[in-house]
Amino acid sequence: MIDVTRMNGTIVSINDDLIESVEETPDTVITLTTGKKVMVKESRQEIKDLVLTARREIHII
């Protein structure tokens, strides 16, 4: 799970296994495999770094 900040300032935890894509258009939009889209304040690179850190913590990579 990664914590991201919605545009209204609330923090939400997202299951990083469900992330299908991350786009900057210019806002960052995370699309999940469920079809749900979440607009967040973090950049695409920050999302990538959060996922890598989360996976390292549980020894996936």
Side-chain angles (χ1 to χ4, degrees):
M1 301 281 279
I2 61 169
D3 292 331
V4 294
T5 310
R6 291 182 187 248
M7 299 307 280
N8 67 4
T10 60
I11 297 174
V12 62
S13 295
I14 294 178
N15 183 339
D16 56 292
D17 290 330
L18 297 180
I19 295 176
E20 183 173 310
S21 66
V22 180
E23 303 173 66
E24 285 183 321
T25 61
D27 296 321
T28 306
V29 178
I30 301 171
T31 303
L32 304 177
T33 57
T34 61
K36 182 173 182 171
K37 294 182 183 253
V38 182
M39 191 177 302
V40 298
K41 291 184 177 183
E42 289 81 1
S43 69
R44 184 187 56 79
Q45 185 61 51
E46 288 174 304
I47 299 300
K48 286 173 62 175
D49 292 342
L50 287 169
V51 170
L52 287 172
T53 300
R55 291 182 180 203
R56 281 187 186 116
E57 288 177 1
I58 58 172
H59 308 292
I60 289 180
I61 58 172

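The first residue of the sequence shown is numbered 1, and numbering continues consecutively from there.
Enclosure of atom CE in Met7 by more than 12 non-hydrogen atoms of other residues, nucleotides or ligands within 6.0 angstrom is indicated.
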Discussion item. Between Asp16 and Arg55, is the side-chain contact (heavy atoms from CB on, under 4.5 Å) condition met? List the steps.
Written reply: CA-CA 9 Å; Asp16 56 292; Arg55 291 182 180 203; 2.9 Å; yes
Practice prompt. Begin from the C-alpha positions of Thr25 and Arg44 and carry the test side-chain contact (heavy atoms from CB on, under 4.5 Å) through to its verdict.
Written response: CA-CA 10 Å; Thr25 61; Arg44 184 187 56 79; over 6 Å; no
Worksheet item: Would Thr28 and Glu42 count as a side-chain contact (heavy atoms from CB on, under 4.5 Å) if you check the C-alpha gap in whole Å, the side-chain angles of each, and the deciding distance to 0.1 Å?
Response: CA-CA 7 Å; Thr28 306; Glu42 289 81 1; 5.8 Å; no
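The distance from the NZ atom of Lys36 to the OG1 atom of Thr31 is 12.0 Å, given to the nearest 0.5 Å. Taken to the nearest 0.5 Å, the CG atom of Leu50 stands 8.5 Å off from the CD1 atom of Ile19. The CD atom of Glu24 sits 9.5 Å away from atom CG of Asp27, with the distance rounded to the nearest 0.5 Å. Atom CG of Asn8 and atom NZ of Lys41 lie 8.0 Å apart (nearest 0.5 Å). Rounding to the nearest 0.5 Å gives a distance of 4.0 Å between CD1 of Ile30 and CD1 of Ile47. Distance check, rounded to the nearest 0.5 Å: OG1 of Thr53 to CD1 of Ile58 gives 11.5 Å.
A heavy-atom distance below 4.5 Å is not found between the side chains of Thr5 and Val40. Between Val29 and Lys37, the closest side-chain pair of non-hydrogen atoms falls below 4.5 Å.
Note: the hydrophobic cluster containing Leu18 also contains Ile2 (ILVMFWY, side chain heavy atoms under 4.5 Å, direct or indirect links). Under the 4.5 Å side-chain contact rule for hydrophobic residues, Leu32 and Val12 share a cluster.
Remark: the backbone N or O of Met1 is not paired with any side-chain donor or acceptor of Asn15 at under 3.5 angstrom.
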